[in-house]
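Inspection log for the structure reproduced underneath, given as structure tokens.
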Amino acid sequence: MMLPTQAHLLLVFTLTGRLWCVMASPLVMDPNSICRRSKPAGGAQTELCQTQPEIIQEVAKGARLGIRECQHQFRHQRWNCTGHGKSLGKILQQDIRETAFVNGIMAAGVLHAVTRACSQGELLQCGCVAIKSSSGSPNEQAKGSPNPALQNQHWEWGGCGDDVDFGYKISQQFMDTRKRKGKSDIRSLIDLHNNEAGRLAVKTNMRTECKCHGLSGSCTLSSCWRKLPLFRQVGNHLMQSFQMAVRVMGGNDGKSLVPLDRDVPPLGAHSLIYSDESPDFCVANRRTGSEGTRDRVCNGTETGPGACDWLCCNKGYTEHTLEYEENCQCQFQWCCVVQCERCSIKKEVNVCL
């Protein structure tokens with residue numbers, strides 16, 4: 001189930017630290033209203049609102065992108081990243097694994113959306129990035145993006161590279177804050193760390209694209225550039241980090257974070273971190289933001305996430321038969337119509353009690 005547009009736009013700015021306290025009303029749906037309400041907070045956000053409102057539009061797109069990906073990644077989990085604004089707000093006020101993922105994917109979404117807008121010419125403040133010539137191959141310059149076809153051939157950087165550094169800066173301005181109302185310094189450090197992990201998930205998955213030049217496609221010369229990864233790849237990366245998230249506590253100096261388990265290696269910049277254990281999300285609870293799993297569709301033939309026994313918390317499930325019609329036996333008729341029949345479909349579904 002997707003969040004309504006109002007909740008999407010509201011969530012953009014409940015995640016921007018200091019703007020939390022001014023975004024209580026779900027009626028704030030457009031960037032202009034958001035900017036008017038953000039004036040008391042001041043800082044970089046207010047300056048951008050006043051001088052470059054088109055960037056605010058892209059920040060909102062990035063937030064929606066992050067939420068959609070969150071819903072995809074958690075579609076088989078007991079907490080499935082859906083719900084009304086108050087429920088999500090309760091999740092975000094905690095320091096659990098789910099909060100870590102949401103903060104990371106939202107920071108990544110803002111970076112991704114702003115960077116893509118730059119490359120598509122939708123923002124005047126940025127554009128393509130030009131990479132200076134180098135003696136190393138594109139593979140050496142872009143680790144993690146192997147392209148064997150480029151070996152032993154002449155190449156140069158060119159094309160329209162994505163300006164990920166500009167998107168990174170905007171994501172920092174909107175997602176990071178060192179002071180959050182009602183939060184300790186340690187909790188703020190956790191949020192900042194997870195925001196950065198989200199942005200790094202984009203940067204480290206950048207890919208190299210190349211185009212051949214030469215007579216009859218001989219590819220005597222290649223132009224290569226750096227491009228954003230598919231956002232699904234970013235989501236998959238962060239979901240792996242979620243599954244391996246590290247529980248932390250404050251260091252003795254009160255300004256650092258250390259793993260609660262001493263056998264865990266030192267924290268890496270890519271790790272998602274949290275300080276509190278998650279609720280089981282089996283039962284609706286307004287205090288924790290859990291909406292429970294009642295009425296969730298589950299799979300009665302599988303095991304693990306999404307399976308009925310697990311998703312329904314061993315409380316049982318019921319079987320229902322859905323009947324509906326859909327287009328079938330479609331044929332293309334020259335020229336140029338597709339004609340379909342209507343077929344009656346029956347589908348068995350299981351629903352948690």
Practice task
Report yes or no: do E348 and T321 form a side-chain donor-acceptor pair below 3.5 Å?
Solution key: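 A pair is found: one side chain offers a donor N or O, the other an acceptor, under 3.5 Å apart.
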Practice task
Please check if any side-chain donor atom of D191 sits under 3.5 Å from a side-chain acceptor atom of S188, or the reverse.
Solution key: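 The criterion, which ignores hydrogens and geometry beyond distance, is not satisfied for S188 and D191.
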Any side-chain heavy-atom pair of [X] and [Y] under 4.5 Å:
| X | Y | answer |
| --- | --- | --- |
| Q329 | R342 | no |
| L92 | N103 | yes |
| N80 | Q71 | no |
| N350 | T318 | no |
| Q339 | Q331 | no |
| H237 | S241 | yes |
| N236 | Q73 | yes |
| D165 | K203 | yes |

Practice task
Apply side chain to side chain contact (heavy atoms under 4.5 Å, CB included) to S275 and list each qualifying residue two or more places apart in sequence or on a separate chain.
Solution key: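 In terms of side chain to side chain contact (heavy atoms under 4.5 Å, CB included), with neighbours along the sequence ignored, S275 is linked to D95, I190.
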Problem - Worked verdict on I345 versus E325 for side-chain contact (heavy atoms from CB on, under 4.5 Å) - result: CA-CA 6 Å; I345 305 295; E325 288 188 348; over 6 Å; no
Problem - Derivation and outcome, side chain to side chain donor-acceptor pair (under 3.5 Å), residues E54 and Q125 - result: CA-CA 10 Å; E54 61 275 16; Q125 299 87 345; 2.5 Å; yes
More than 12 non-hydrogen atoms from neighbouring residues, nucleotides or ligands closer than 6.0 Å to [atom1] on [X], yes or no?
| X | atom1 | result |
| --- | --- | --- |
| K169 | NZ | no |
| R286 | CZ | no |
| D261 | CG | yes |

Roughly how far apart are [X] [atom1] and [Y] [atom2], rounded to 0.5 Å?
| X | Y | atom1 | atom2 | value |
| --- | --- | --- | --- | --- |
| F166 | S171 | CZ | OG | 12.0 Å |
| K315 | D309 | NZ | CG | 13.0 Å |
| E326 | S344 | CD | OG | 9.5 Å |
| I273 | H193 | CD1 | NE2 | 4.5 Å |
| Y274 | F242 | OH | CZ | 9.0 Å |
| N195 | L200 | CG | CG | 11.0 Å |

Exercise for the section: Apply side-chain contact (heavy atoms from CB on, under 4.5 Å) to the pair N327 and V338, showing each step before the final yes or no. Expected result: CA-CA 11 Å; N327 290 335; V338 176; over 6 Å; no
Where is the tightest heavy-atom contact between [X] and [Y], given as atom of each residue plus distance?
| X | Y | value |
| --- | --- | --- |
| V202 | A108 | CG2-CB, 3.7 Å |
| R296 | R75 | NH2-O, 3.3 Å |
| S271 | A197 | O-CB, 3.7 Å |
| R78 | C313 | NE-SG, 3.6 Å |
| L311 | V297 | CD2-O, 3.5 Å |
| V264 | P259 | CB-CB, 4.0 Å |

Give yes when the SG atoms of [X] and [Y] are nearer than 2.5 Å, otherwise give no.
| X | Y | answer |
| --- | --- | --- |
| C70 | C81 | yes |
| C312 | C298 | no |
| C126 | C118 | yes |

Co-membership, hydrophobic cluster, residues [X] and [Y], 4.5 Å side-chain:
| X | Y | value |
| --- | --- | --- |
| V248 | V258 | no |
| I105 | M206 | yes |
| F281 | V283 | no |

Handout entry: Member of V114, I56, L111 meeting the side-chain contact (heavy atoms from CB on, under 4.5 Å) criterion with I170
Key =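 When V114, I56, L111 are each tested with I170, the side-chain contact (heavy atoms from CB on, under 4.5 Å) holds only for V114.
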Exercise for the section: Apply side-chain contact (heavy atoms from CB on, under 4.5 Å) to the pair Q94 and T288, showing each step before the final yes or no. Expected result: CA-CA 8 Å; Q94 302 173 69; T288 63; 4.2 Å; yes
Using a strict cut-off of less than 4.0 Å between a Lys/Arg side-chain nitrogen and an Asp/Glu carboxylate oxygen, indicate whether [X] and [Y] qualify as a salt bridge.
| X | Y | answer |
| --- | --- | --- |
| R116 | E58 | no |
| R199 | D176 | yes |
| E69 | R232 | yes |

Handout entry: Intermediate values then yes/no, salt bridge (Lys or Arg N to Asp or Glu O under 4.0 Å), E277 and R247
Key = CA-CA 8 Å; E277 289 294 346; R247 191 175 182 183; 3.3 Å; yes
Handout entry: All pairs passing ring-ring contact (aromatic ring centres under 6.0 Å, His included) where residues 298-326 contributes a residue, at least two apart
Key =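 Residue pairs with at least one partner in residues 298-326: there are none.
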Practice task
Would you sort out whether Y168 and Q173 count as a side chain to side chain donor-acceptor pair (under 3.5 Å), showing the intermediate values?
Solution key: CA-CA 9 Å; Y168 182 95; Q173 289 179 349; over 6 Å; no
Problem - Derivation and outcome, disulfide (SG to SG under 2.5 Å), residues C330 and C340 - result: CA-CA 4 Å; C330 297; C340 299; 2.0 Å; yes
Handout entry: Evaluation steps, side chain to side chain donor-acceptor pair (under 3.5 Å), between S278 and E98
Key = CA-CA 8 Å; S278 302; E98 289 75 14; 2.6 Å; yes
Exercise for the section: Test side chain to side chain donor-acceptor pair (under 3.5 Å) on D162 and T115 and set out the steps. Expected result: CA-CA 6 Å; D162 288 328; T115 301; over 6 Å; no
Practice task
Keeping the roles fixed (side chain from S119, backbone from C128), state whether a donor-acceptor pair exists under 3.5 Å.
Solution key: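 Pair absent, no side-chain N/O of S119 close to backbone of C128.
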Problem - Stepwise side-chain contact (heavy atoms from CB on, under 4.5 Å) test for M239 and Q77 - result: CA-CA 12 Å; M239 194 60 183; Q77 304 293 326; 4.2 Å; yes
